[in-house]
Student: 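One structure coming up, written as structure tokens, with questions to follow.
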Amino acid sequence: MIREDLIWVGTPDFAGRLRGKAFPAAERQRRLRRGVGWTPTNIQITCFDLIAESPFGALGDLLLIPDPAAESRVDYGDGSPPDHVMIGDICELDGTPWDFCSRSRLKSALARLEKATGLSLLVAYEHEFHLKGAQRPKGDAYSLAGFRAQAAFAETLMAALRHGGLVPDTIMKEYAPDQYEVTVAPAPALRAADEAALLREITRSTAARLGDTASFTPLRQPGGVGNGVHIHMSLRDKAGKPATYDPAKPDCLSDVAGAFAAGILRYLEAIVALTAPAAISYSRLVPHRWSAAYNNLGLRDREASLRICPTTAVEPQSIAAQFNLEYRAADAAASPHLALAAIVEAGVQGIEEGLSAPAATEADLTTLSREELDEAGLVRLPESLEEALDRLGANPTVTGWFPPGFVDLYRAHKQGELSFLEGMDPAAICAAYEESY
Ligand code: GLU
Ligand code: MG
């Protein structure tokens with residue numbers, strides 16, 4: 001059969017998907033300049049493929065311009081077409097960023113961080129997912145048997161990630177039946193978000209080529225174990241030196257990292273709609289599920305929204321470089337770009353407000369009284385997507401980080417998603433998200 005090499009350019013959207021178009025690889029140079037045509041209302045295509053209320057209607061034209069720094073080509077060597085993917089920005093016809101482009105929002109948040117502090121951010125996304133076809137019995141958690149059951153998948157996935165330009169770190173059989181986790185090396189923030197979007201696609205593609213289906217849905221079934229996305233962050237100065245660690249400070253958080261953490265925690269209840277944006281995300285973000293339920297800082301505590309991760313003295317020379325903060329209130333229904341943009345904006349806000357890090361919590365927060373929570377500045381995170389969207393819309397500081405109309409458009413998108421779910425029972429809702437992610 002005749003075939004022609006194609007490149008698919010996609011943009012991370014409000015639904016946490018990449019959406020885009022393909023063009024002949026021979027046209028790469030021209031497409032790097034002029035992109036492909038794009039439609040404003042595409043931003044309102046929900047994860048269920050229905051179009052939420054859109055102020056743009058059928059009107060308008062944009063460009064989707066691929067970024068050569070976000071290119072991945074994976075040839076699986078099985079004779080099938082390679083996955084040649086580029087991630088791009090949505091731009092106006094004059095090439096300026098479109099206000100509602102998630103990737104541009106991340107660039108703008110990172111520019112704010114750099115302007116306020118001279119610092120940049122190094123990031124690693126940790127992803128949990130499950131394989132739908134596997135259906136292994138219970139009792140496989142972290143086991144060699146559970147790993148071996150998917151060893152071919154694991155080996156192919158690690159190779160595919162490496163071919164795609166990522167640096168695979170670990171892969172493991174996670175706790176729940178058929179649940180796995182994959183990590184990659186840290187990278188500068190924008191690159192890390194691009195890699196997170198690519199990793200999800202490469203994982204789905206690898207599973208599909210092996211006759212299986214991978215899903216990153218936040219919750220597989222009601223009451224089941226969650227699939228989280230944990231975002232590890234550390235600050236670097238202009239010379240690339242770590243700026244998060246200061247052994248003289250409480251919990252070893254440098255002043256700037258402490259303020260960054262405090263900002264995230266202060267605005268967490270409003271940004272969680274952007275980092276954990278599915279209806280079922282809020283069945284994962286409950287106490288005692290090793291996810292996140294309060295806006296607390298924790299020292300190596302897997303129930304904290306923001307966890308100060310351990311360092312190892314086995315590599316003492318790199319303790320400052322190892323030291324990082326892990327944001328745990330995220331999942332793969334979120335655009336990795338938009339989630340990180342919101343986290344960074346909140347962190348910089350904390351720096352600009354001169355906040356200092358709260359003390360790390362140690363108690364089981366469900367045992368604290370309302371007064372004790374208030375005194376420690378702790379709030380229960382929203383318990384539904386509706387509530388999360390309300391708290392997002394009600395916070396003028398948070399809405400002010402985004403261009404006019406951005407948060408309203410995002411909320412309309414999510415309302416469209418919620419309308420689709422109306423009347424469905426919890427199992428059907430989980431199944432719908434599983435299919436989508
Ligand atoms: N599955 C948990 C979550 O929903 C995380 C477990 C872990 O700490 O890796 O985030
Ligand atoms: Mg895990």
Side-chain angles (χ1 to χ4, degrees), residues 16 123-132 134 136 138 140-143 146-147 150 154 157-158 168-186 196 199-200 203 214-233 264 268 271-272 274-310 324-334 336 339-340 343 360-361 364-366 380-383 385 388 426 429-430 433-434 437:
V123 176
Y125 290 74
E126 184 185 318
H127 281 92
E128 293 173 337
F129 60 95
H130 64 265
L131 292 168
K132 280 168 76 172
R136 295 277 305 165
K138 283 202 170 96
D140 262 353
Y142 305 103
S143 72
F147 175 75
Q150 292 298 338
L157 176 59
M158 293 306 243
D169 181 44
T170 61
I171 183 158
M172 67 172 192
K173 172 69 192 69
E174 248 287 2
Y175 174 66
D178 309 319
Q179 188 186 35
Y180 292 80
E181 176 182 307
V182 62
T183 62
V184 294
L199 177 141
R200 296 172 196 178
T203 306
S215 177
F216 290 82
T217 183
L219 191 72
R220 191 175 188 182
Q221 35 306 94
V225 174
N227 285 321
V229 172
H230 302 160
I231 307 177
H232 295 259
M233 299 172 287
I264 295 170
L268 186 59
I271 64 168
V272 74
L274 296 158
T275 66
I280 53 173
S281 300
Y282 296 87
S283 306
R284 172 180 163 258
L285 298 179
V286 295
H288 309 143
R289 294 179 55 90
W290 287 29
S291 57
Y294 296 85
N295 61 334
N296 62 320
L297 181 68
L299 187 59
R300 307 191 204 157
D301 174 358
R302 289 184 181 74
E303 293 235 342
S305 290
L306 204 56
R307 182 171 86 114
I308 301 172
C309 290
N324 70 86
L325 287 165
E326 178 190 39
Y327 180 94
R328 294 175 67 86
D331 62 48
L340 189 57
I343 295 167
T361 54
D364 173 354
L365 300 183
T366 59
R380 175 73 174 90
L381 297 184
E383 294 185 51
L385 178 57
I429 292 175
C430 285
Y433 277 112
E434 182 182 40
Y437 291 107

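Order of listing sets the numbers, starting from 1, for every ligand and every atom in it. Counting from 1, the numbers follow the sequence of the chain as shown.
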Student: Looking at Glu174, which atoms of ligand 1 are within less than 4.0 Å of one of its heavy atoms?
Tutor: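 Contacts of ligand 1 toward Glu174, numbered from 1: 7 (C), 9 (O).
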
Student: Would you check if the distance from the ring center of Phe129 to the ring center of Phe216 is below 6.0 Å?
Tutor: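 Yes; Phe216 has its ring centre under 6.0 Å from that of Phe129.
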
Student: I need the Tyr433 OH to Thr217 OG1 distance, nearest 0.5 Å.
Tutor: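 One finds 8.5 Å between OH of Tyr433 and OG1 of Thr217.
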
Student: Taking 4.0 angstrom as the limit and counting only heavy atoms of Glu181, give me the atoms of ligand 1 inside it, by number and element.
Tutor: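 Listed by number with element, the hits are 9 (O).
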
Student: List every atom of ligand 1 that sits less than 4.0 Å from any heavy atom of Gly226, numbering the atoms from 1 in the order shown and giving each element.
Tutor: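 Under 4.0 Å from Gly226, ligand 1 has these atoms: 1 (N), 4 (O).
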
Student: Give the residue, atom name and distance (to 0.1 Å) of the protein heavy atom nearest atom 8 (O) of ligand 1.
Tutor: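 Here the closest protein heavy atom is Arg328 NH2, 2.8 Å.
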
Student: Given 3.5 Å as the limit, does a donor-acceptor pair link the side chain of Tyr437 with the main chain of Pro218, or not?
Tutor: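 No; zero donor-acceptor contacts below 3.5 Å.
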
Student: Compare Gln179, Glu128, Glu126 and give the one whose heavy atom is closest to atom 2 (C) of ligand 1.
Tutor: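 The residue whose heavy atom sits nearest atom 2 (C) of ligand 1 is Glu128.
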
Student: Check whether the ring centres of His130 and Tyr180 lie less than 6.0 Å apart, and answer yes or no.
Tutor: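 Centroid distance His130-Tyr180: not below 6.0 Å, so no.
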
Student: Near Arg302, which atoms of ligand 1 are under 4.0 Å from a heavy atom of that residue?
Tutor: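 In order of number, 8 (O).
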
Student: For Trp290, counting its heavy atoms only, list the atoms of ligand 1 lying under 4.0 Å from any of them.
Tutor: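 With Trp290 as reference, the close atoms of ligand 1 come out as 2 (C), 3 (C), 5 (C), 8 (O), 10 (O).
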
Student: Side chain of Arg284, backbone of Arg289: donor and acceptor closer than 3.5 Å?
Tutor: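 Judged by distance alone, no pair lies under 3.5 Å.
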
Student: Can you report which non-hydrogen protein atom sits closest to atom 10 (O) of ligand 1, along with the distance?
Tutor: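 Result for atom 10 (O) of ligand 1: Arg284 NH2, 2.7 Å.
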
Student: Quick check: His230 and ligand 1, any N/O pair under 3.5 Å apart?
Tutor: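 So ligand 1 has an N or O lying under 3.5 Å from an N or O of His230.
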
Student: Rounded to the nearest 0.5 Å, how far does CG of Leu285 lie from OG of Ser305?
Tutor: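 CG of Leu285 is found 7.5 Å from OG of Ser305.
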
Student: Vertex the Mg ion (ligand 2): angle to OE1 of Glu181 and OE2 of Glu128, to 10°?
Tutor: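 Vertex at the Mg ion (ligand 2): approximately 110°.
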
Student: Looking only at N, O or S atoms, find the one in Glu174 nearest to the Mg ion (ligand 2) and name it.
Tutor: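 So the atom name we want here is OE2.
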
Student: Answer yes if the side chains of Glu128 and His230 hold a donor-acceptor pair under 3.5 Å, and no otherwise.
Tutor: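 No - no donor-acceptor pair under 3.5 Å links their side chains.
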
Student: In plain terms, say whether Asp178 and Arg220 are close enough for a salt bridge, that is, a side-chain N and a carboxylate O under 4.0 Å apart.
Tutor: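 Answer for the salt bridge query: yes.
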
Student: Does any N, O or S atom of Glu126, backbone or side chain, fall under 2.8 Å from the Mg ion (ligand 2)?
Tutor: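 It does not: Glu126 brings no N, O or S atom closer than 2.8 Å to the Mg ion (ligand 2).
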
